[in-house]
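Encoded as structure tokens, the structure appears first; notes follow it.
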Amino acid sequence: MIISGKELSTRLKQQMREQVAGFPAEFGRVPHLVVILVGENPASVSYVTGKAKASEAVGIRNTTIRKPESISEEELLSLIRELNADDGVDGILVQLPLPKHISEDKVIATIAKEKDVDGFHPLNVAALWQKQPCTVACTPKGIIRMLKEAGVQIAGKRAVVVGRSNIVGLPVSKLLLDENATVTIAHSRTADLASVTRSAEILVVAIGRPRFITADMVSEGAVVIDVGVNRDPETGKLCGDVDFQAIEPKASVITPVPGGVGPMTICCLMENTIQCFLDRMER
Ligand code: L34
């Protein structure tokens with residue numbers, strides 16, 4: 001079974017569209033998401049365009065601010081502070097990665113926690129690890145959504161997460177743990193990685209290396225979630241971290257690239273934006 005993140009996200013966005021349509025009558029306006037893109041990284045441009053399109057589909061107001069690669073850290077931080085202070089802005093997202101001369105940590109910590117639609121702010125991360133209400137990062141949230149949608153039982157299962165990034169590996173591990181999986185976090189320095197991944201009933205791969213996970217690394221019947229979005233060095237086409245062709249016949253459930261986790265990331269960003277808007281309206 002192949003889980004289509006594209007189809008699921010289309011369905012969820014349609015539901016959100018109906019929800020948002022009621023907001024002008026109830027609150028006088030729709031949610032407003034501001035996305036900041038620094039530089040011209042083609043992948044970032046594509047993702048940010050996807051976020052603008054999804055906003056339009058849901059009825060969320062989207063402002064995408066494009067800044068040159070040469071913007072100083074201080075200029076970017078002061079732009080964020082202005083948006084923090086702007087009552088008409090509900091969500092702020094600074095697309096990563098940023099140029100080397102800008103501290104991503106500083107940028108993330110400068111975004112008001114209440115407008116942190118990415119769930120990257122240290123206070124949101126802390127709240128996640130303490131099981132308190134928080135904005136959950138979009139990709140991990142999308143992954144759990146897909147598993148549930150596919151009817152995968154998570155409780156009691158051996159889950160292996162390959163990758164330990166702040167954006168995906170760590171938060172998805174915590175979410176799987178909260179769903180009562182037994183979680184192993186593997187990474188580039190894991191000894192005998194193949195034997196670890198073979199033990200997985202649920203395998204989540206987020207390492208950013210094209211087709212890194214080969215068929216011999218996956219057990220028959222495993223649920224395989226591929227978070228990677230890479231360019232195939234030979235064909236130039238998009239491909240995942242998982243060798244889909246070889247593993248699809250073995251897996252009980254698998255996500256494709258493109259059309260898997262990526263669209264769900266954007267879908268959950270829309271959800272987080274609506275949630276930040278509603279929380280702000282209540283206050
Ligand atoms: N601040 N930076 C911030 N927030 C994020 O949530 C992200 N991320 C990651 C990179 N930097 C970020 C994204 O938006 C990755 N990411 C992302 C978003 C969307 C897609 C992939 C990654 C996506 O839609 N992928 C499509 C293919 C898109 C294409 O054609 O290039 C897919 O079907 O997988």
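One-based numbering along the sequence shown. Read the numbers this way: they start at 1 and go in the same order the structure lists the ligands and their atoms. Atom set for the values below is all heavy atoms of this structure, side chains included, hydrogens, waters and symmetry mates excluded. Nothing here was measured: the structure is a model prediction, and the numbers come from that model.
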What donor-acceptor contacts under 3.5 angstrom involve side-chain atoms of residues 33-44, with partners at least two apart or in another chain?
{"residue": "N41", "atom": "OD1", "partner": "A43", "partner atom": "N", "Å": "2.9"}
{"residue": "N41", "atom": "OD1", "partner": "S44", "partner atom": "N", "Å": "3.3"}

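For the side chain to side chain donor-acceptor pair (under 3.5 Å) condition, the pairs that include at least one residue of residues 180-192, sequence neighbours left out, are R164-H187, D192-S195.
Partners of K13 under the salt bridge (charged side-chain N to carboxylate O under 4.0 Å, His left out) rule, at least two apart in sequence or in another chain, do not exist in this structure.
No side-chain donor from either of S103 and D105 sits under 3.5 Å from a side-chain acceptor of the other. Checking K141 against N272 by side-chain atom types alone, a donor-acceptor pair falls below 3.5 Å.
At a threshold of 4.0 Å, the pair E179-K148 counts as salt-bridged, since one of the basic side-chain nitrogens sits closer than that to a carboxylate oxygen.
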So what's ligand 1 close to, N/O to N/O, under 3.5 Å?
{"residue": "ligand 1", "atom": "1 (N)", "partner": "V94", "partner atom": "O", "Å": "2.8"}
{"residue": "ligand 1", "atom": "1 (N)", "partner": "D118", "partner atom": "OD2", "Å": "2.7"}
{"residue": "ligand 1", "atom": "2 (N)", "partner": "L96", "partner atom": "N", "Å": "3.0"}
{"residue": "ligand 1", "atom": "4 (N)", "partner": "D118", "partner atom": "OD1", "Å": "3.0"}
{"residue": "ligand 1", "atom": "4 (N)", "partner": "D118", "partner atom": "OD2", "Å": "3.3"}
{"residue": "ligand 1", "atom": "11 (N)", "partner": "Q95", "partner atom": "NE2", "Å": "3.2"}
{"residue": "ligand 1", "atom": "11 (N)", "partner": "L96", "partner atom": "O", "Å": "2.9"}
{"residue": "ligand 1", "atom": "14 (O)", "partner": "K51", "partner atom": "NZ", "Å": "2.8"}
{"residue": "ligand 1", "atom": "31 (O)", "partner": "S46", "partner atom": "OG", "Å": "2.8"}
{"residue": "ligand 1", "atom": "33 (O)", "partner": "G259", "partner atom": "N", "Å": "2.6"}

